[in-house]
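Chain naming here is simple, since letters A, B, ... match the order of the sequence lines and numbering starts at 1 in each.
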2 protein chains.
Amino acid sequence: MPRTSSGTRPVTLRDIAKAAGVSINTVSRALNGKPDVSEATRALVQAVASRLDYRPNQLARGLRQQRTATIGVVIADVANPFFAEVVEGIERTAYQEGYSIILANTEEDQDREARAVRTLVERQVDGILMAPAQRSDETVRYLMQRHVPFVLLARFFEGLDVPAVVNDDREGARLAVRHLVQRGHRDILYLNGPPYNSSARLRLSGYRDALEEAGIAFRPEMVLTTDARSTGGYAAIQQALAGGLEFGAVFCFSDYVSFGAIKALRQAGLSIPRDVAVMGYDDIDLAAIVEPALSTVHVAKTRLGQVAVRMLMGMIEGSSSRSERVGMVVLTPQVVIRESA
Amino acid sequence: MPRTSSGTRPVTLRDIAKAAGVSINTVSRALNGKPDVSEATRALVQAVASRLDYRPNQLARGLRQQRTATIGVVIADVANPFFAEVVEGIERTAYQEGYSIILANTEEDQDREARAVRTLVERQVDGILMAPAQRSDETVRYLMQRHVPFVLLARFFEGLDVPAVVNDDREGARLAVRHLVQRGHRDILYLNGPPYNSSARLRLSGYRDALEEAGIAFRPEMVLTTDARSTGGYAAIQQALAGGLEFGAVFCFSDYVSFGAIKALRQAGLSIPRDVAVMGYDDIDLAAIVEPALSTVHVAKTRLGQVAVRMLMGMIEGSSSRSERVGMVVLTPQVVIRESA
DNA sequence: TTGTACGCGTTATCAA
DNA sequence: TTGATAACGCGTACAA
């Protein structure tokens, strides 16, 4: 009966060495596939190791190698479907490359973000993926100063030239609004996200771009700010309706906001898209499933995560050949026409 | 100008010791709030530490203390809103307690689950939270044998007596179907999840319980199996309609499935809830936002995560006083009546 | 109150 | 090809 470690203390290299009658260090090299070890001893060591069900202690290994095969992921909130899908892409890619991910939610809180990053650094992650909360220059500078490889997700800073993977928000918004214009709409409401969000600022620009292209005057009162959360769209539409605003179409900061908007519109007796057309942004899974299926701007979320991981890995591997100029990757959005617009 | 670590190697205890003119160990105790150190030295050490912007290396600390303040979270998929919210609860609670979480997706794959758990063990997590894929006894046994504290999430095994936090799936389904019965429905379709899922089996029981209570005969053809993913509900309803099945209400395994079902029903010209009533399960954020607002069974997802973490912490702390019988916590579901039923 | 010495489990350097 | 030995950074006996 194979005697596995059925009780007490975890099996270490020392245990294997003793059982196999060789030195600790020989065990290490045999197990790590190093060249300088005879096939006979390697086989022996491997046999003993698997008999004892040996598992390397990654803490010790990391301490020694200055490398943990771990990356930190700092986002606002996993419960947000957008981030959830990004994280899914990150996890899958990281896993394929042999990395684990430590996840931290910031809830858009500057302080939590700063603390999360420091915790991750203490835990010796090899790199960090972060969707910065606001203008968190301080945190970014901290990372740069510490020479911790990092890539920004989905959002970025106009000023700083740092590695980032983003969606072309301005273009996405432009395309969405252009689609509405092509359907004959001229009174287009925009339910924007909070202004601290770089995407919100850019999408507003795209909205204006499209209007200008079509020779439609921009009217500030047609832009409402929502909190990008669940009920934001609902409240904004109610407000617009109550204020007597005239509009035939609504472009929303996110699919989430769209859902709320649609609900409010329908409750007001309006039909989608006959009375009011609605376009979302993100193209989360549910956009295609609800009724009416949501017309929206597709953002390659898992791809975004995947690209960010690969970029980060590049920086991690090449961190010896210091300070390679790693730029910003911009993913191209795509309009998806379904039923709502 | 405060000279921070502006370049090279991270600051260690040794650096502080040298700069402060004391021994490494004094620095360690001063920083960790140990009693045997004069206030003067403590102040000095702290000053130097903060001047150098010292960050403890948690790898070294973990190696030494046999405790990493890290827990592993193994689930099918973060992109699934149910799990996303559970993870949110986990992360928040863990963070409050000073723990970090390592996240691993299994995509319902037995092998990935087994590997994920082993990786986590190698990384010396203090405990594991896992939503087991199928009957993954093997993995559970592995954890028990290694004496790794763990708590099962949302699903469990009928046979094994292991710590778990679950929703009372049978009761939830019973309540949901009872509500439909009370609305006068007798032909109630059930779109169930895959049978390897313990929740699916239990909810089916609850469905039958409610029928029995109402004196309605159970008809196997009224139970359809979906993949619980996006399009599952849509396809199932189309199939039911094509098959000429008569029903006035549909109870769904998840809100996700409900959305697909509603879409298919509406496309067939049916109105919700006038022609067909629909009930979901989970009560994800979007259930309240879509139109019609979804009647569903509320599961306290963040709470589930929170309770699981606290339970796990209890096991971790008390792991010295071995083998406490930590049982199963069952969360009570609640029916939420909105518009769809 | 403080310092010395050791060990956590691993990998890397250098002789043998 | 193999084996001592020394780190990695920290906490903790024990001694001073």
Please tell me if [X] has a side-chain N or O lying less than 4.0 Å from either OP1 or OP2 of [N].
{"X": "B/Tyr54", "N": "D/dC10", "answer": "yes"}
{"X": "A/Lys34", "N": "C/dA12", "answer": "yes"}
{"X": "A/Thr41", "N": "D/dT1", "answer": "no"}
{"X": "B/Arg61", "N": "D/dG11", "answer": "yes"}
{"X": "A/Ser28", "N": "C/dT11", "answer": "yes"}

*Report the nucleotide, chosen from D/dG9, D/dT1, C/dG9, that has the shortest atom-to-atom distance to any side-chain atom of B/Ala60.*
D/dG9
_Base, sugar-phosphate or nothing for A/Arg14? Non-hydrogen atoms, less than 4.0 Å._
sugar-phosphate
*asked:* For a quick check of understanding: with a heavy-atom distance under 4.0 Å over all strands, which category does A/Asn57 fall into, base, sugar-phosphate or nothing?
replied: sugar-phosphate
*Which sits closer to the 5' end of DNA chain C, B/Ser23 or A/Leu13, going by the nucleotide each is nearest to?*
B/Ser23
Could you give the [atom1]-to-[atom2] distance, from [X] to [N], as a whole number of Å?
{"X": "B/Leu63", "N": "D/dC10", "atom1": "CG", "atom2": "P", "answer": "12 Å"}
{"X": "B/Leu59", "N": "D/dC10", "atom1": "CG", "atom2": "P", "answer": "11 Å"}
{"X": "B/Ile24", "N": "D/dT12", "atom1": "CD1", "atom2": "C1'", "answer": "13 Å"}
{"X": "A/Arg67", "N": "C/dT11", "atom1": "CZ", "atom2": "P", "answer": "12 Å"}
{"X": "B/Leu31", "N": "D/dG9", "atom1": "CG", "atom2": "P", "answer": "16 Å"}
{"X": "B/Arg9", "N": "D/dG9", "atom1": "CZ", "atom2": "P", "answer": "7 Å"}
{"X": "B/Gln66", "N": "D/dG11", "atom1": "CD", "atom2": "C1'", "answer": "12 Å"}
{"X": "B/Gln65", "N": "D/dG9", "atom1": "CD", "atom2": "P", "answer": "17 Å"}

*asked:* I want to check something: taking the side chain as every heavy atom from C-beta on, are B/Ile101 and A/Ile102 in contact at a cut-off of under 4.5 Å?
replied: no
_Do A/Val166 and A/Leu304 make a side-chain contact, defined as non-hydrogen atoms from C-beta onward lying under 4.5 Å apart?_
no
*Is it true that the NZ or CZ of B/Arg112 lies under 6.0 Å from the centre of A/Tyr95's six-membered ring and within 45 degrees of the ring axis?*
yes
*Is there a donor-acceptor pair closer than 3.5 Å between any side-chain N or O of B/Thr119 and the backbone N or O of B/Arg115?*
yes
*Decide yes or no, distance alone: a donor-acceptor N/O pair under 3.5 angstrom between the base of C/dT11 and the side-chain of A/Arg64.*
yes
*Would you say the side chain of A/Asn25 and the base of D/dT5 hold a donor-acceptor pair, judged only by whether the two atoms sit under 3.5 Å apart?*
no
*Pick out which of A/Leu103, A/Thr139, A/Leu129, A/Leu120 makes a side chain to side chain contact (heavy atoms under 4.5 Å, CB included) with A/Val74.*
A/Leu120
